[in-house]
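Report on one structure; see the data block that follows.
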Amino acid sequence: MADEWEATGPASVLLIDDDPTALEFLRDALAATGHRIEAVSESARAATLIESKRFDVIVSDIAMPGLDGLELLRRVRQTDLDLPVVLVTGSPSAETAIRAMEFGAYRYLTKPVSVAELRRVVDYGITLYRMAWAKREALRMATGIDGIAGQRTALELTFERALATTWMAFQPIVNWSTKEVYGYEALARSDDPSLGSPLALIETAESLGRLVALGRHLRSLVAAAIPTLPPGANVFMNIHPRDLEDADLYDPQSPLAKSADRIVIELTERASLEASPDALARLMALKNLGYRIAIDDVGAGHAGLATFARIDPDVAKIDMGLVRGIDRDARKQKVIRAMTGLCKELKVLVIPEGVETAAERDALVEAGCELLQGYLFGRPQRTPGAATF
Ligand code: C2E
Ligand code: CA
Ligand code: CA
């Protein structure tokens with residue numbers, strides 16, 4: 001893309017704010033500068049624009065419905081390490097300021113922003129970006145190394161760094177009637193600030209084509225942690241649909257396979273299993289190795305009942321969207337009661353996730369659930385411990 005772009009002439013500025021008045025203010029403030037201004041109020045639309053068009057600087061509000069400014073910034077950084085992103089907020093906090101820095105925001109401004117300040121920051125950002133472009137071009141001329149490829153290398157370095165500091169947190173899954181811990185769900189964590197959330201880590205692996213490497217690493221972490229878990233506790237482990245295509249997963253000699261009888265492999269309903277024609281055969285292979293299979297996020301995905309029946313899962317994990325506020329929602333109660341009853345007939349264990357309040361817990365128990373997971377019983381932790389009942 002660097003070739004199509006010039007370091008002179010009018011610059012392109014993208015402005016994002018869900019508040020029309022604030023957006024108008026930004027647009028007016030920059031109107032006389034001669035820059036090409038694109039102003040959007042929906043952050044999802046901004047995300048699409050960023051993918052398809054080249055901008056020299058982005059000015060974005062932080063608090064917005066859907067994608068917020070920080071998430072937008074994180075996405076930009078996955079493909080462009082230089083593009084200056086100015087974050088603007090009406091309610092500054094240490095937390096957002098720190099995250100803005102971690103994700104590489106160029107400036108963090110507090111509303112009300114003065115026109116002069118905004119112009120200065122934007123113009124300086126444009127100059128910086130053009131300087132970065134010129135430096136990449138110079139590098140390319142001198143060494144033949146492609147600047148954009150260089151960015152990929154930087155992202156790869158970030159990914160490697162995150163991978164090296166990745167560990168598994170364990171969240172208890174409880175049996176409410178016996179007041180025992182039934183098992184733990186392993187959830188990936190990284191100490192690297194830019195890829196601390198498991199979803200960010202997975203998304204980056206995806207964009208770098210490193211999902212298989214990530215999956216193998218996470219499985220080795222789970223295998224290594226098993227001896228530290230209470231004896232007999234079941235271990236729930238998430239896999240990405242792409243992991244199903246990795247031969248390593250089916251190696252009966254792998255450290256994980258040795259504990260297969262304790263492991264429940266969670267596969268999300270959010271991803272389409274129909275996309276992978278032999279997914280079913282592969283799940284059967286896993287069952288033959290002794291693993292149990294859970295369908296994750298039931299109620300949040302598109303997988304039809306046919307898929308559910310063909311997979312013949314051992315466990316159904318109910319998405320927290322159905323759990324949240326169930327005590328005050330008769331429709332949700334009805335759905336969960338139906339699911340629980342049907343799953344009992346199919347000999348499928350049901351585990352609602354994301355239980356946060358005693359009222360939600362009671363409504364779920366009332367609807368026929370026995371196994372439960374959520375902050376109410378314990379957060380994901382480095383050392384898997386007792387649960388709170
Ligand atoms: P998930 O599999 O649906 O995991 C449940 C998520 O809900 C976890 O988020 C967990 O920390 C969170 N959670 C648990 N109880 C509560 C609660 O009471 N309230 C609320 N608000 N949240 C609760 P986390 O750890 O950020 O993981 C996000 C997603 O990342 C997971 O969703 C899973 O899809 C993926 N993931 C995490 N670890 C791995 C992994 O090792 N491999 C793969 N492939 N995916 C993973
Ligand atoms: Ca899960
Ligand atoms: Ca889930």
Side-chain angles (χ1 to χ4, degrees), residues 63 65 68 93 95 167-189 196-199 225 228-238 262-270 292 294-301 308 313-389:
D68 67 7
S93 73
E95 200 208 328
W167 50 279
M168 280 292 166
F170 291 89
Q171 183 179 32
I173 295 167
V174 304
N175 184 321
W176 180 248
S177 49
T178 63
K179 305 288 183 288
E180 282 168 330
V181 173
Y182 177 76
Y184 295 91
E185 177 171 2
L187 294 158
R189 296 286 178 269
S197 104
L199 292 170
T228 70
L229 297 172
N234 294 290
V235 182
F236 290 71
M237 191 189 80
N238 298 280
R262 292 177 67 179
I263 294 174
V264 183
I265 293 179
E266 296 192 10
L267 197 60
T268 179
E269 198 190 75
R270 286 178 209 270
R292 280 163 288 164
I295 306 288
D296 200 358
D297 310 318
V298 171
F308 192 94
D314 301 280
V315 178
K317 299 197 74 177
I318 309 294
D319 189 71
M320 67 176 90
L322 274 174
V323 168
R324 188 64 59 249
I326 185 174
D327 50 299
R328 290 171 275 113
D329 189 331
R331 263 187 17 232
K332 285 185 177 175
Q333 291 163 17
K334 198 168 157 190
V335 170
I336 297 271
R337 184 171 295 116
M339 275 188 183
T340 317
L342 295 168
C343 283
K344 241 180 212 142
E345 275 176 37
L346 297 169
K347 308 246 179 311
V348 177
L349 289 176
V350 173
I351 306 178
E353 316 185 283
V355 184
E356 289 185 356
T357 68
E360 287 170 351
R361 175 199 66 204
D362 293 343
L364 289 162
V365 171
E366 173 65 29
C369 301
E370 192 172 28
L371 299 174
L372 302 166
Q373 179 181 355
Y375 293 165
L376 182 66
F377 311 103
R379 294 201 169 236
Q381 277 183 319
R382 202 184 273 270
T383 357
T388 318
F389 287 100

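Atom set for the values below is all heavy atoms of this structure, side chains included, hydrogens, waters and symmetry mates excluded. Here the structure is a predicted model, which means the values were calculated and not measured.
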Quick check for you: to the nearest 0.5 Å, what is the distance between [X] atom [atom1] and [Y] atom [atom2]?
| X | Y | atom1 | atom2 | answer |
| --- | --- | --- | --- | --- |
| Phe236 | Arg262 | CZ | CZ | 12.0 Å |
| Phe389 | Arg361 | CZ | CZ | 10.5 Å |
| Ile318 | Glu269 | CD1 | CD | 9.0 Å |
| Ile351 | Leu349 | CD1 | CG | 6.5 Å |

Legend entry - Check against side-chain hydrogen bond (donor to acceptor under 3.5 Å, both in side chains), Thr178 and Glu180: CA-CA 5 Å; Thr178 63; Glu180 282 168 330; 3.1 Å; yes
Legend entry - Worked check of side chain to side chain contact (heavy atoms under 4.5 Å, CB included) between Phe170 and Leu229: CA-CA 9 Å; Phe170 291 89; Leu229 297 172; 4.1 Å; yes
Legend entry - Close side-chain approach of Trp167 and Arg382, heavy atoms under 4.5 Å: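 With C-beta onward as the side chain, the pair touches.
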Which heavy atom in [X] sits nearest to a heavy atom in [Y], and how many Å separate them?
| X | Y | answer |
| --- | --- | --- |
| Ala387 | Val181 | CB-CG2, 3.9 Å |
| Val348 | Pro313 | CG2-O, 3.4 Å |
| Arg189 | Ala169 | CG-CB, 3.9 Å |

Pairs under 3.5 angstrom only: tabulate donor-acceptor contacts from the side chains of residues 364-379 to other protein residues two or more places apart or in another chain.
| from | atom 1 | to | atom 2 | distance (Å) |
| --- | --- | --- | --- | --- |
| Glu370 | OE2 | Ser177 | OG | 2.4 |
| Gln373 | OE1 | Lys317 | NZ | 2.7 |
| Gln373 | NE2 | Gln171 | OE1 | 2.8 |
| Gln373 | NE2 | Glu185 | OE1 | 2.8 |

Inset, instruction - May I ask you to decide if Trp176's main-chain N or O and Lys179's side chain share a donor-acceptor pair within less than 3.5 Å? - result: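 Yes.
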Legend entry - Test item: Asn234 side-chain N/O and Tyr182 main-chain N/O as donor-acceptor pair under 3.5 Å: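 Between the backbone of Tyr182 and the side chain of Asn234 there is a qualifying donor-acceptor contact (under 3.5 Å).
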Name each donor-acceptor pair under 3.5 Å that joins a side chain in residues 321-333 to protein atoms two or more places apart or in another chain, with its distance.
| from | atom 1 | to | atom 2 | distance (Å) |
| --- | --- | --- | --- | --- |
| Arg324 | NH1 | Gly354 | O | 3.0 |
| Arg324 | NH1 | Glu360 | OE1 | 3.0 |
| Arg324 | NH1 | Glu360 | OE2 | 3.0 |
| Arg324 | NH2 | Gly354 | O | 2.9 |
| Arg324 | NH2 | Glu356 | OE2 | 3.3 |
| Asp329 | OD1 | Arg331 | N | 3.0 |
| Asp329 | OD1 | Lys332 | N | 3.2 |
| Lys332 | NZ | Gly321 | O | 2.9 |
| Lys332 | NZ | Arg324 | O | 2.7 |
| Gln333 | NE2 | Ile326 | O | 2.8 |
| Gln333 | NE2 | Asp327 | O | 3.4 |

Legend entry - Candidates Asp296, Asn238, Asp297 - the one meeting side chain to side chain donor-acceptor pair (under 3.5 Å) with Thr268: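 Running side chain to side chain donor-acceptor pair (under 3.5 Å) over Asp296, Asn238, Asp297 with Thr268 returns exactly one hit, Asp297.
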